[in-house]
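Have a look at the structure below before the remarks.
Every chain is numbered from 1, with letters handed out A, B, ... down the list of sequences.
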There are 4 protein chains.
Amino acid sequence: MALDTRERVRRAAVKLFATKGFHGTGIRDLAQESNLSTASLYHYMGSKEELLADIMRDCLRTLLDSAEAELTGLTDPAERLRRLVKLHVRAHARKPRETRIVDHELHVLAPTTRRSIVELRDAYERLWADAVGDGVASGVFTTAHPGVTRIALLEMCNGVARWYSARGSLSLDDLATHYAEVALRAVGACPQRSAEGQSRGE
Amino acid sequence: MALDTRERVRRAAVKLFATKGFHGTGIRDLAQESNLSTASLYHYMGSKEELLADIMRDCLRTLLDSAEAELTGLTDPAERLRRLVKLHVRAHARKPRETRIVDHELHVLAPTTRRSIVELRDAYERLWADAVGDGVASGVFTTAHPGVTRIALLEMCNGVARWYSARGSLSLDDLATHYAEVALRAVGACPQRSAEGQSRGE
Amino acid sequence: MALDTRERVRRAAVKLFATKGFHGTGIRDLAQESNLSTASLYHYMGSKEELLADIMRDCLRTLLDSAEAELTGLTDPAERLRRLVKLHVRAHARKPRETRIVDHELHVLAPTTRRSIVELRDAYERLWADAVGDGVASGVFTTAHPGVTRIALLEMCNGVARWYSARGSLSLDDLATHYAEVALRAVGACPQRSAEGQSRGE
Amino acid sequence: MALDTRERVRRAAVKLFATKGFHGTGIRDLAQESNLSTASLYHYMGSKEELLADIMRDCLRTLLDSAEAELTGLTDPAERLRRLVKLHVRAHARKPRETRIVDHELHVLAPTTRRSIVELRDAYERLWADAVGDGVASGVFTTAHPGVTRIALLEMCNGVARWYSARGSLSLDDLATHYAEVALRAVGACPQRSAEGQSRGE
DNA sequence: AATGAATGAGCCTTCATTCAT
DNA sequence: TATGAATGAAGGCTCATTCAT
C-alpha cells in the first residue's frame, strides 16, 4: 500500500528536523525529501512550526499513553520504575529521531504551543516522579535527592536516542533490561538477583 | 575592568546559541547582544560557524585538560570514575550553555571542523571508557555492558546542563557528589561507606 | 505577443552588464530592470554568474554556428576572410552589448565555466586563423606575421561593438563591406577590382 | 631605491583594476597588494574612484604628450600615421594594464570626471583623425570612410593591450612596424618599398 | 605615517509563505 | 490535488570609508 502523502511529509520532517535541526531544515529540503513541490507541501501541513508541534505532540502522547497502560494496576515502585525505564528506552531506541526532536527543539515553539507540549511532557515525567517518590517513601529506594535522581535517570534514558543503533551488538530487549538494572541500582534498590541474572545471561 | 570586546562577542554567542540554537541565532541577534554593528562583529570572528567551532573547541579542551590533571597519579578505577563524574557534573552545571552547545550543534559544522571537534570529545570519553574498563577488568565494577554503561552515565551527566540551576536547593558540591554516588552504584561498585557518608551528610 | 519573463530578465542583464559591467550591476538593478522582485529573479536564473555565462555562451554559439554555415563549401581564403569579417562586423553591430560582455567579463567567471566559454571562442577564432593561414600558404595573402595579423583584425572588428550606432550615416551593409575591404588590404590581398568596385559604389 | 609608497599603491591598483575590473577590486585587495592596511591606503589616495581617474589621466596624458612630441614638424600624412601607430602600439604593449583600464572602466567615473578624461582621449584621437583626414585630402590615402577607418585602426591597435606578451616571438619593434604596415595598407597607402623591406627583414 | 576599531549601506541569495491556475 | 510564479523579509557577509590613537 502506497504511503499516505501526509505521512510521507511527516517522515521527511522527522528525518530532517532530527538530522539538521528545525532551523537548519528549509521547506525546500522538506519538499525535496517528500517528492513534492514546496507549494504542495502546504496541502499537508499548516506551517513548518505546526508540523514540528504535531510531531512532538504525537511522540509525547504515544509515550504517555503507553506508559499509563503499562503501569495500570501496578503498585510496587521498583516494578513501576523498571517498566518505565524499559518502555522509555525502547521508545527512544525505536524512535530516536522523534524523541531527539522533542528534546532539542522545544525552544522553537511559540509560547502557547510550547506550553501545551510541556504539559504533556510534565504529565509523563510525573509518572517517574511518583514511582521514585513512592519508592523512597516506602523505603524500597534509598536516594538522597529523589528529584535529582529522577531527572538524572530520565536524561540517561533520553541519551539512548542519541547513540543506539539497531545494528549494534545489543538487542533492544537486553538494552532495556540493562538500563532498568542501572536505574534500580541508582536508586539503591540493589536488585541482587536480577543483577546476577543479567550477568549470567551474557 | 572592562570586558574585552572579543570576549563580549563570545559570551553573546554562547548565550544565544544555547538558547535559540545556532541556526536560530541570526548575525543581527549576535550584533545586538554584543552592542556592535553586524559589520563590527566581523572584526572579532571569522564567521558564525568559526565562532561556534571556537566555543566548542575551548569547552572541550578545558574539560579534557582538567580531567587529565584530575586523574594524574590515580589508579583506582572507582576513584577515577568518581572524579570524572564530579568534574563533569561541575563543568556542566557551571557552563551549561557551552556544554549544551557542544551537545546540540555538532551537526552544524563542516566535516573537517567537525572531525577536529569530535576528536577532542573522543579523547575525553576515552578517559571514562578506561576508568570503567579498568574497573570491570579488576572486578571492582560489575556491569554487563561496560560500553553501554559508560555512555549511559555520560548522558546522565550531560543532562545536568539541561536542568541544573544554581538557584536550586542543591549546592554544586552536593550535586556532584550525588551524581558520583549514582554512577558508582550504576556500575555496581556499591560503595557502602562513601554512600552512607553521603547519606549522613544530608 | 508578451515577452517571456525569462527573456525579459536576459535582456535586462544584457543591457546592464554591457553598460555598467557585471560587478557594477547589482541584483537589485536587474530586478528593477526586469520589473520583478529580487526573489522572483531567482525563478529565472541560477545565479548572477550563471546568467552571465548563459549570455556569453549563447552569443558565441550563435556566432560560431553562423560562421560555420557561412563558410560551408567555400575554399578561396580571400572569400572566406571577407565573409568572416562581414559576419563578425554585422554580429557586433547588431548585438554590441552581448559581444562587449563576452569581450569584457570573461575574468569574472569561475575557472571551469571560463574554460567552457573560452573553448567556444577559440573554436571561432580558429576559423579566422585557418582562412588567414590558407591565404598565406597559397600566396594570396602576403603578411609577415599571420598570427598577429589575425588577432589585429579580430580586435579591429570587435571594436565595432564599442562604437557603431545604427543612427550613424553608414548602413550596416556598407560598414561590413568597408571592414572586409580594410581587412583584405591588411593581409595584402590588394583586391584591385573589388576595391574599386567598393569605391565606385559609395 | 625603495619604491615610494604612493607608487606602490598605484601599481597595485593598476594590476588589480586591469585584472579584476574596478568593481571587482575591493579596497581590501588593494591594501593587501600594497602591503598596507585599508586605513593606511587612504593616506595615499583620495578615494577608489579618484585613484582610478588618476591612473587614466596619467596614462592618457603621457600618450598625448609623447604623440604630440613625435609629430612635431612632420607634415607627411603617411609618416604621421606610421608614427602614431607605432607609438600607440608600443604604449599599449608596454602598459597593457593602464590602457586596458582606460578602455574598460570609463563608465565607472562620475560624469564630471569622465568628461575630463574623455576630453584627453578625444584630443589624442584628433591627432589620428587629422593624419587620416590630411592623407585622404591629399590623395595619399584612399579610403571610402575615413572616420570609420580611423576608429577601426585605433581599435585594432588598442587590442594589442589585450594579447601582446613580451615573451612572445615578436619583438616590440617588429610588432610596431608590422602594425604600421597593416594600417598603411588599410588606408590604401600601399607602401610598396617599406612593405617589402619589412618582409625581407624577417 | 600608520592602523585597529567601527559602521551604514549594500552585497547575493534564500527564507517561509501565498495564490492563481 | 498539485504547482509554477511571486514576494517581503531576512539570511550571512563585505563594501568603501572615517576616525581616534
Side-chain angles (χ1 to χ4, degrees), chain A residues 4-6 9 22-31 34-52 108, chain B residues 4-6 8-9 13 22-31 34-52 108, chain C residues 4-6 8-9 22-31 34-52 108, chain D residues 4-6 8-9 22-31 34-52 108:
Chain A
D4 174 53
T5 308
R6 192 176 304 270
V9 171
F22 176 81
H23 283 309
T25 303
I27 43 117
R28 281 157 184 75
D29 300 323
L30 280 174
S34 319
N35 274 111
L36 247 51
S37 69
T38 57
S40 300
L41 218 51
Y42 283 85
H43 284 280
Y44 301 99
M45 56 178 238
S47 70
K48 213 180 118 187
E49 192 181 327
E50 286 177 49
L51 180 56
L52 172 65
V108 166
Chain B
D4 174 54
T5 308
R6 195 176 303 273
R8 243 173 49 227
V9 171
F22 177 81
H23 284 309
T25 302
I27 225 70
R28 282 155 184 83
D29 299 325
L30 276 173
S34 319
N35 273 110
L36 245 48
S37 69
T38 56
S40 297
L41 217 51
Y42 282 85
H43 279 279
Y44 300 100
M45 53 179 240
S47 69
K48 214 181 119 189
E49 192 180 326
E50 285 177 49
L51 181 55
L52 172 66
V108 167
Chain C
D4 175 54
T5 307
R6 194 176 304 271
R8 243 171 50 226
V9 171
F22 177 81
H23 284 310
T25 302
I27 224 70
R28 284 157 186 79
D29 300 325
L30 276 174
S34 319
N35 274 111
L36 247 45
S37 69
T38 57
S40 297
L41 218 50
Y42 282 84
H43 278 280
Y44 300 100
M45 55 179 239
S47 70
K48 211 180 124 190
E49 192 181 326
E50 286 177 48
L51 181 54
L52 172 65
V108 166
Chain D
D4 173 55
T5 307
R6 193 176 304 271
R8 242 173 50 226
V9 171
F22 177 80
H23 284 308
T25 303
I27 44 117
R28 280 157 186 75
D29 300 323
L30 278 174
S34 319
N35 274 110
L36 248 50
S37 70
T38 57
S40 299
L41 218 51
Y42 283 85
H43 284 278
Y44 301 98
M45 57 178 237
S47 70
K48 214 180 117 187
E49 192 181 326
E50 287 177 49
L51 181 55
L52 172 65
V108 166

- request: Take C:Arg8 and C:Leu36 through the side-chain contact (heavy atoms from CB on, under 4.5 Å) test and state the conclusion after the steps.
  value: CA-CA 10 Å; C:Arg8 243 171 50 226; C:Leu36 247 45; 3.2 Å; yes

Which atom of B:His23 lies closest to which atom of B:Val108, heavy atoms considered: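 Smallest heavy-atom distance, with atoms named: NE2-CG2, 3.9 Å.
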
message: Does anything in residues 35-45 of chain B come within less than 4.0 Å of DNA chain F? Heavy atoms only, and list the residues if so.
response: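 Within residues 35-45 of chain B, the residues near DNA chain F are B:Thr38, B:Ala39, B:Tyr42.
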
field: Integer-rounded Å distance: E:dT3 P and D:Leu30 CG
entry: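 In whole Å, E:dT3 P lies 15 Å from D:Leu30 CG.
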
query: Is any side-chain N or O of B:Arg28 closer than 4.0 Å to OP1 or OP2 of F:dA10?
result: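 So the side chain of B:Arg28 is outside the cut-off, no N or O lying under 4.0 Å from OP1 or OP2 of F:dA10.
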
task: Give C:Ser47 one of three labels, base, sugar-phosphate or nothing, depending on what nucleic acid heavy atoms sit under 4.0 Å from its own.
output: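 The answer is sugar-phosphate, as C:Ser47 gets under 4.0 Å only of primed atoms, P, OP1 or OP2.
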
- prompt: Closest nucleotide of DNA chain F for C:Arg6 versus for B:Ile27: which of these residues is on the 5' side?
  reply: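 In this pair, the answer is C:Arg6.
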
task: Begin with the C-alpha distance, continue with both residues' side-chain angles, and end with the deciding distance and a verdict on side-chain contact (heavy atoms from CB on, under 4.5 Å) for A:Lys48 and A:Leu51.
output: CA-CA 5 Å; A:Lys48 213 180 118 187; A:Leu51 180 56; 5.7 Å; no

message: Quick one, B:Ile27 with B:Met45, criterion side-chain contact (heavy atoms from CB on, under 4.5 Å). Give me CA distance, side-chain angles, the key distance, then yes/no.
response: CA-CA 11 Å; B:Ile27 225 70; B:Met45 53 179 240; 3.8 Å; yes

Strand DNA chain E in bracket notation, Watson-Crick/G-U under 3.5 Å with | for pairs to another chain: .||||||||||||||||||||

query: Step by step, would you call C:Thr25 with C:Leu30 a side-chain contact (heavy atoms from CB on, under 4.5 Å)?
result: CA-CA 7 Å; C:Thr25 302; C:Leu30 276 174; 4.0 Å; yes

- prompt: Who passes side-chain hydrogen bond (donor to acceptor under 3.5 Å, both in side chains) against C:Ser40, sequence neighbours left out?
  reply: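 For C:Ser40, the residues satisfying side-chain hydrogen bond (donor to acceptor under 3.5 Å, both in side chains) (neighbours in sequence not counted) are C:Ser37.
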
